[in-house]
4 protein chains.
Amino acid sequence: MARIRTAPRKSPTQQRSRATVDAIVDATARVLVRDGYDALSTNRVAKEAGVSVGSLYQYFPGKEALVAAVMEQHASRMQENIAERMKNAPPAATPEDVATEMIRAMLAAQQAEPRLHRVLVEQVPRIGALRRLHELFGNYELLVEAWLLENSERIEVQDARMAAFVLVAAVEGLVNRATLDRPDLVASGRLEEQILRLVLAYVVPSHVAQASADGRYGGRKRKGPAGG
Amino acid sequence: MARIRTAPRKSPTQQRSRATVDAIVDATARVLVRDGYDALSTNRVAKEAGVSVGSLYQYFPGKEALVAAVMEQHASRMQENIAERMKNAPPAATPEDVATEMIRAMLAAQQAEPRLHRVLVEQVPRIGALRRLHELFGNYELLVEAWLLENSERIEVQDARMAAFVLVAAVEGLVNRATLDRPDLVASGRLEEQILRLVLAYVVPSHVAQASADGRYGGRKRKGPAGG
Amino acid sequence: MARIRTAPRKSPTQQRSRATVDAIVDATARVLVRDGYDALSTNRVAKEAGVSVGSLYQYFPGKEALVAAVMEQHASRMQENIAERMKNAPPAATPEDVATEMIRAMLAAQQAEPRLHRVLVEQVPRIGALRRLHELFGNYELLVEAWLLENSERIEVQDARMAAFVLVAAVEGLVNRATLDRPDLVASGRLEEQILRLVLAYVVPSHVAQASADGRYGGRKRKGPAGG
Amino acid sequence: MARIRTAPRKSPTQQRSRATVDAIVDATARVLVRDGYDALSTNRVAKEAGVSVGSLYQYFPGKEALVAAVMEQHASRMQENIAERMKNAPPAATPEDVATEMIRAMLAAQQAEPRLHRVLVEQVPRIGALRRLHELFGNYELLVEAWLLENSERIEVQDARMAAFVLVAAVEGLVNRATLDRPDLVASGRLEEQILRLVLAYVVPSHVAQASADGRYGGRKRKGPAGG
DNA sequence: CATGAATGAGCATTCATTCAT
DNA sequence: TATGAATGAATGCTCATTCAT
């Protein structure tokens, strides 16, 4: 597993070059979705982009770099989506509201370009390109940690940093698996519900205990009061 | 992305060929760990195994079949480990004990050959080869579902099947991420602790609410009752 | 085009060996018809014959030898057919009858195993194996020459040997082409008619002139005598 | 025996690539003559042409396509030769003259590159590649048919189309055999004489009857009229 | 800067052939 | 003799990459 260059060769300064690079990245995404990672080749991408191979190599050192660029673009857009969403969200009264909003944003971001997202998650881990996505989730960890600290009075965890890691990792895995194997759960909104339960139960079990007893989060209705 | 044959070509009957096949599978695992999935080629594996390409093709129709065989072996060993472990475990008094044991088994299984496991999970494209691993996780889901149903009195979930999916997926993701990025958590046992909290909080929030108040599962010690 | 060994390695003396060899030759013919010359391989023939490759190599040095053996067998059978036919034929009164009988025998021989014959003629010329078939036609030349000499009084050719060559070569080419491209002509019997015309016109044009005028051999009926 | 692509991949536009393609086709012909069809491989041709395999594959999808290109070139040249010859021929007074000219053209065309011609006819399997040659002979059949119809008054055949097939097939076989086994006949001109006799006797037996009696076409001189 | 022809290392795969059992 | 596992040279073919135009 030799280290692979994924950085672009040079940044296009002129406008024409910018257009070329965009065409190449878009073409890469298209080929990725249509033919998969294995069938992707520099020549094919060049043809798809309507550009000569030589031009492609002027900006990208190889196949990996192409995919990395797509990944970068995709991650950026997801990030933008999320930021946008959280900015526009109504002021959250409770921690539960905040969590809900974050989870929704995360799911929505993945649904934006689902086919591309799926290919990237499924086929691209082989090269280091997922790092970018992990960074994104790293950002998440910071957000979550902040959220935990802000609500520290009600939160029943000791190590906020670790808790953030646990939550983000678990949710990331869950979302990816669901995207691949249980799209029905995603579509129906039940996944969102369950993630919320998972997260809140982890950070404020007593709250969920109550809520679950009330029938929220898909918990069973019970007679007596929970806990004890 | 055409369908790919992953089934072995013929089963070796003689002793000599049995050895050949073993050598090939072992070499495949080695190459996979050392060079990664993309760099794996039939010729390279044959050379690594000290066997001619022809012999390799006598038993495996191609690269995918090689990886599938490794996957099969790895999954079988994991399964054996888990079965062994659960057989030898002391009789579990509480559901908590059962969960603890299952999580420990899962972690232990993944730690057995962590580098190979990582490659298999990270790099093997979602072809038929991964099916075996999915089966394994599918088995897990069934185990978990059974556990949930057995303890249905104390369990506060409605849809056991979905809950099992959620739990296995979340834990899988968490374990994988931790294996890669936070081996310290794995080694220190804190990961196990947190997984337990995550799982139990999800299925019996009321219990965790209490336990967390008591300082177990890394929850903060508090005076009064939680929630509000 | 290196010289290729086509001779069998050793003659089977024992009965068991004889059976093995037969099985191999028959399997070769079958594979030849079913899969064609290019797809024929020693391993495949061995499997088809229910014999191990090793055994095959005990009797045949390679692919070419297999095909040569099939060719030999096929040619022998054709020869036998022809001999049989001519022996049983009613005593021929006229040269025309003899020619007719020879041509019929030749055509009949080719129709015996048409699919094998076709493969041999179409695909096998590449190796020297057609030599055997040419020998067969060489025999024909001798037969034809003899026939010409026997009927020298009525025959209007000077060089019987050359005439025999011309006739056999022309008829061979015609029959082969017709077998491949115009099987309808073969089936309808018109080919036979035309070959007869071609042959007789060449050797006794005056006879055919008359016959043609009478409407035989597919000639046009005319009033007055032809030519001038 | 699956369908095989024999069409070239792309037409070279630049001058450089035109040269490459030419080099490849010429090398193919050379290898064909030197080593035979079975020993011809893309790599060998590339080496012979002093070109990389990659370049070869840029223009030809495989072995068959290479041979098809050679075949095409050869057939074209033959056709040109024939056309040229017939254009320059003195106006033919009699059908006999026309036939003579056609046979001479055919013989001459085959003698142009006899070794290549032999390989093509003998060894190239009856794939699409031979189609081109069939076309050529098909053209011949049309020419002959036209000739027969033009001279229908003197011609003693009913079905001109079938007669054309018979003649071309017979003459083709005869010429091929003679080229291989009796070059002396070709060189001395006796073959031409005999083909003429064969053809004319078939189509106008009465004429040949007379001519043969006069000693033309290698017929024996006789006193009285032949036949009876 | 753009082009695309040319390169050739490298991979998948087959198959004639040998030889220990 | 028979077996069939093992061999490895040879083939078809792709594709990342370069470079003259």
Side-chain angles (χ1 to χ4, degrees), chain A residues 10 12-14 16-17 20 38-47 50-66, chain B residues 10 12-21 38-47 50-64 66, chain C residues 10 12 14 16-17 20 38-47 50-66, chain D residues 10 12-21 38-47 50-64:
Chain A
K10 59 176 172 184
T13 47
Q14 303 195 3
R16 182 170 49 153
S17 318
T20 302
D38 279 341
L40 184 144
S41 76
T42 47
N43 283 288
R44 194 184 284 223
V45 167
K47 179 163 291 179
V51 160
S52 77
V53 222
S55 296
L56 186 153
Y57 271 91
Q58 215 135 44
Y59 298 108
F60 299 92
K63 171 176 178 164
E64 329 285 353
L66 291 171
Chain B
K10 64 173 173 185
T13 49
Q14 302 193 2
Q15 190 190 355
R16 181 166 50 144
S17 45
R18 181 71 233 160
T20 301
V21 168
D38 280 345
L40 183 145
S41 78
T42 48
N43 284 286
R44 194 183 284 222
V45 167
K47 182 162 288 181
V51 157
S52 78
V53 224
S55 293
L56 188 154
Y57 272 95
Q58 209 143 48
Y59 300 106
F60 299 93
K63 171 175 178 165
E64 324 288 348
L66 291 172
Chain C
K10 60 177 172 184
Q14 303 196 1
R16 184 169 49 154
S17 320
T20 301
D38 280 340
L40 184 145
S41 77
T42 48
N43 283 289
R44 192 183 283 224
V45 167
K47 179 162 289 179
V51 160
S52 76
V53 223
S55 296
L56 186 154
Y57 271 90
Q58 216 135 43
Y59 299 107
F60 300 91
K63 171 175 178 167
E64 329 286 353
L66 291 171
Chain D
K10 64 173 175 185
T13 49
Q14 302 193 2
Q15 189 188 357
R16 181 167 52 144
S17 46
R18 181 73 231 158
T20 301
V21 167
D38 280 344
L40 183 145
S41 77
T42 49
N43 284 287
R44 195 182 282 222
V45 167
K47 182 161 288 181
V51 157
S52 78
V53 224
S55 294
L56 187 153
Y57 272 95
Q58 209 142 49
Y59 300 105
F60 300 93
K63 171 175 178 166
E64 325 287 347

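Because only heavy atoms are used, hydrogens play no part in the values below, and waters and symmetry mates are left out as well, while side chains stay in. Below, chain A is the first sequence line, B the second, and so on; all start at residue 1.
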TODO: First locate atom NZ of Lys47(D), then atom CG of Asn43(D), and finally report the distance between them rounded to the nearest 0.5 Å.
DONE: 8.0 Å
- [ ] Starting at atom CD of Glu64(D), determine the distance to atom P of dG12(F), rounded to an integer number of angstrom.
- [x] 10 Å
Task: Any Thr42(C) side-chain nitrogen or oxygen under 4.0 Å from OP1 or OP2 of dC15(E) - done: no
TODO: Please check the phosphate of dT7(F) (OP1 and OP2 only) for any side-chain N or O of Ser52(B) closer than 4.0 Å.
DONE: yes
Open item on the list: Without decimals, in angstroms, what is the distance between Asp38(C) CG and dT11(F) C1'?
Closed with: 13 Å
- [ ] Check the distance between dA16(E)'s P and Tyr57(B)'s OH and give it to me in whole angstrom.
- [x] 18 Å
TODO: Determine: side-chain N/O of Tyr59(D) to OP1/OP2 of dG4(E), distance under 4.0 Å, yes or no.
DONE: no
Task: Polar pair under 3.5 Å, donor/acceptor by atom type, side chain Asn43(B), base dG10(E) - done: no
TODO: Starting from C1' on dC15(E), measure out to NZ on Lys47(C) and report it in whole angstrom.
DONE: 13 Å
- [ ] Sort by first number and list every stem of DNA chain F: at least 3 consecutive Watson-Crick or G-U wobble pairs, both distances under 3.5 Å.
- [x] E:2-21 with F:2-21
TODO: Let me know the distance between CD of Gln58(B) and C1' of dA12(E), rounded to the nearest Å.
DONE: 16 Å
TODO: Consider the side chain of Ser41(A), meaning its heavy atoms from C-beta on, and name the nucleotide among dA2(E), dA5(F), dA16(F) that approaches it most closely.
DONE: dA16(F)
Task: Short side-chain N/O contact to dC1(E) OP1/OP2 from Ser55(A), under 4.0 Å - done: no
- [ ] Give the minimum heavy-atom separation between Tyr59(D) and Ser55(D), together with the two atoms involved.
- [x] CD1-O, 3.2 Å
Task: Distance, rounded to the nearest Å, where Arg18(D) contributes CZ and dG4(E) contributes C1' - done: 17 Å
Task: Shortest non-hydrogen contact from Ser52(A) toward Ala46(A) - done: C-CB, 4.0 Å
TODO: Nearest whole angstrom, please: distance from the P of dG10(E) to the NZ of Lys63(B).
DONE: 15 Å
Open item on the list: Rounding to an integer number of angstrom, what distance separates dC1(E) and dT21(F) when you compare their P atoms?
Closed with: 22 Å
TODO: Give the rounded distance in Å between these two atoms: CG of Leu40(A) and P of dT14(F).
DONE: 16 Å
Task: Leu56(C) versus Thr42(C), closest heavy-atom pair with distance - done: CD1-O, 3.5 Å
- [ ] Among the candidates dA5(F), dT3(E), dT7(F), find the nucleotide nearest to the side-chain atoms of Val53(C).
- [x] dA5(F)
Task: Nearest atoms (heavy-atom pairs only) where Lys63(B) meets Asp38(B) - done: NZ-O, 3.6 Å
- [ ] Take Arg44(A) and Arg44(D), find for each the nucleotide of DNA chain F with the closest heavy atom, and name the residue whose nucleotide sits nearer the 5' end.
- [x] Arg44(D)
- [ ] Identify, between Ala39(C) and Val51(A), the residue whose nearest nucleotide on DNA chain E lies closer to the 5' end.
- [x] Val51(A)
